[in-house]
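All residue numbers in this chain count up from 1 along the given sequence. Counting convention: from 1, in listed order, for ligands and their atoms alike.
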Amino acid sequence: MERGENGGLKGPVQVTAIQGDVTQAHEVAAAVTGAHVVIHTAGLVDVFGRASPKTIYEVNVQGTQNVIEACVQAGTRLLVYTSSMEVVGPNTKGHPFYRGNEDTPYEAVHKHPYPCSKALAERLVLEANGKKVRGGLPLVTCALRPTGIYGEGHQIMRDFYRQGLRLGGRLFRAIPASVEHGRVYVGNVAWMHVLVARELEQRAALMGGQVYFCYDRSPYKSYEDFNMEFLGPCGLRLVGARPLLPYWLLVLLATLNALLQWLLRPLLVYAPLLNPYTLAVANTTFTVSTDKAQRHFGYEPLFSWEDSRTRTILWVQASEGSAR
Ligand SMILES: NC(=O)c1ccc[n+]([C@@H]2O[C@H](COP(=O)([O-])OP(=O)(O)OC[C@H]3O[C@@H](n4cnc5c(N)ncnc54)[C@H](O)[C@@H]3O)[C@@H](O)[C@H]2O)c1
Ligand SMILES: C[C@@H](CO)CCC[C@@H](C)[C@H]1CC[C@H]2[C@@H]3[C@H](O)C=C4C[C@@H](O)CC[C@]4(C)[C@H]3CC[C@]12C
């Protein structure tokens, strides 16, 4: 194997897939045994009410506890956790977080099961830093907090695309363009994980117990305007310079959806995109501006904004065939 541009090993890599459920401690233990570093990214991402709060807790919190325990038992010293921006916010009060960093004061108050579970899991991971693993050495942990991830495989982007096609090539603005929402390209999120995994051992004193926002040079825009960076070149247009529906009506629709979800629960899972929580997230400014990852472990985005945009557009276009 030779060294690549970024100093990493280049060439074929052997991957062994081990399938397992993080809620099953013995399955996690089997997967972790013999590992030098663990990147724990598994999670139940549900802000739509598809899964019960109990299931979200079991996967995201109990699952993370199982991963920590497996590291301790197996003597694995390095643990990287995929947390989320939602551990910080937007909070239930709708306070904006504008170009914030890891040290920006913010009242992180959550009620929804998903951010609550991510916050609890992140705390478990950070508190486990320094815990003795088998063999007596200390565990070194850190947490990465991506903002809204986009790129190939982004299901919600595909859903918006299909909806736009059904509506004759149009989407209708619901959120003011002035509300900025942080986004990061999936390849850069992955790259940041790889760098942390690579550097954590050497820089344990600096990086152990730390949190890092995942960021790149994607532009600051509203959720809908950002999506149009990809959906526009795929033939869709966003109608309206301002939201077409007044905010109070969106709140009413979101509340009706929540009520319907509750009423229909015994019969079926009704989980539309719009609910009071997703509306609040989409309608609250949350953007990150930081260089902590660069300072601590030399992170630079692997994919430029232009590359990230092109790759995402190509993926959306490729999904067109299956959309019709
Ligand atoms: N999508 C985002 O915008 C975003 C933003 C910030 C953080 N995150 C975090 O990134 C991680 C990956 O999210 P994603 O958006 O790729 O979601 P995803 O649903 O595509 O990936 C989650 C993965 O976890 C696996 N998983 C779920 N339950 C499991 C279980 N019980 N045992 C083992 N594996 C299980 C799924 O099979 C899936 O492969 C999650 O931890 C999520 O909280 C996502
Ligand atoms: C009101 C609609 C008009 O078009 C738009 C609704 C969009 C919402 C469904 C999404 C807006 C923001 C998204 C979330 C955000 O990007 C960050 C997240 C963090 C991550 O850990 C999980 C996914 C998510 C919660 C993401 C989910 C979808 C949105 C709420």
Against ligand 1, does [X] come closer than 4.0 Å with any heavy atom?
| X | value |
| --- | --- |
| Y150 | no |
| C214 | no |
| S83 | yes |
| G148 | yes |

Which of the numbered atoms in ligand 1 are under 4.0 angstrom from any heavy atom belonging to [X]?
| X | value |
| --- | --- |
| I149 | 2 (C), 3 (O), 4 (C), 5 (C), 44 (C) |
| G20 | 32 (N), 33 (C) |
| D21 | 30 (C), 31 (N), 32 (N) |
| T82 | 9 (C), 10 (O), 11 (C), 41 (O) |

Practice task
Would you confirm whether the ring centroid of F226 sits within less than 6.0 angstrom of the ring centroid of Y220?
Solution key: no
Any atoms of ligand 2 less than 4.0 Å from a non-hydrogen atom of [X]? List them with their elements.
| X | value |
| --- | --- |
| L274 | 1 (C) |
| H181 | 12 (C), 15 (C), 16 (O) |
| A174 | 3 (C) |
| L273 | 9 (C) |
| A282 | 11 (C) |
| S84 | 19 (C), 20 (C), 21 (O) |

Counting non-hydrogen protein atoms only, what is the nearest one to [atom]? Give residue, atom name and distance.
| atom | result |
| --- | --- |
| atom 8 (C) of ligand 2 | T278 CB, 4.1 Å |
| atom 24 (C) of ligand 2 | E86 OE2, 3.4 Å |
| atom 3 (C) of ligand 2 | E224 OE2, 3.3 Å |
| atom 14 (C) of ligand 2 | V281 CG1, 4.1 Å |
| atom 10 (C) of ligand 2 | Y223 CZ, 3.7 Å |
| atom 27 (C) of ligand 2 | V47 CG2, 3.9 Å |
| atom 28 (C) of ligand 2 | I156 CD1, 3.7 Å |

Exercise for the section: Give yes if a backbone or side-chain nitrogen or oxygen of T147 is under 3.5 Å from a nitrogen or oxygen of ligand 2, and no if not. Expected result: no
Nearest option to [atom], as decided by whichever heavy atom of [options] sits closest:
| atom | options | result |
| --- | --- | --- |
| atom 5 (C) of ligand 1 | V189, T41, T147, I56 | T147 |
| atom 13 (O) of ligand 1 | T64, V67, V45, V186 | V45 |
| atom 25 (C) of ligand 1 | A51, A31, G43 | G43 |

Problem - Side chain, backbone, both or neither: K118 near ligand 1, heavy atoms under 4.0 Å - result: side chain
Handout entry: Region of I149 engaging ligand 2 - heavy atom pairs below 4.0 Å
Key = neither
Exercise for the section: Using a 4.0 Å heavy-atom threshold (strictly under), name the region of K118 that reaches ligand 2: side chain, backbone, both or neither. Expected result: neither
Practice task
Measure the shortest side-chain to side-chain distance between V28 and Q24 over non-hydrogen atoms and say whether it is less than 4.5 angstrom.
Solution key: no
Problem - Side chain to side chain, R237 and V239, heavy atoms closer than 4.5 Å - result: yes
Exercise for the section: Classify the angle between the aromatic ring planes of W305 and F230 as parallel (below 30°), tilted (30 to 60°) or perpendicular (above 60°). Expected result: perpendicular
Problem - CZ/F97: more than 12 non-hydrogen atoms of other groups inside 6.0 Å - result: yes
Looking at [atom], is any protein heavy atom nearer than 4.0 Å to it?
| atom | answer |
| --- | --- |
| atom 22 (C) of ligand 1 | yes |
| atom 22 (C) of ligand 2 | yes |
| atom 17 (O) of ligand 1 | yes |
| atom 39 (O) of ligand 1 | no |
| atom 28 (N) of ligand 1 | yes |

Check this for me: does any side-chain nitrogen of one of [X] and [Y] sit under 4.0 Å from a carboxylate oxygen of the other?
| X | Y | value |
| --- | --- | --- |
| E58 | K54 | yes |
| R311 | E152 | yes |
| E102 | K292 | no |

Problem - Close approach of Y114 to ligand 2, heavy atoms, under 4.0 angstrom - result: yes
[X] side chain to [Y] side chain, donor-acceptor N/O pair below 3.5 angstrom:
| X | Y | result |
| --- | --- | --- |
| E199 | H296 | no |
| Q155 | D159 | yes |
| Y98 | S289 | no |
| N60 | S117 | yes |
| Y270 | N257 | yes |
| H181 | T285 | no |

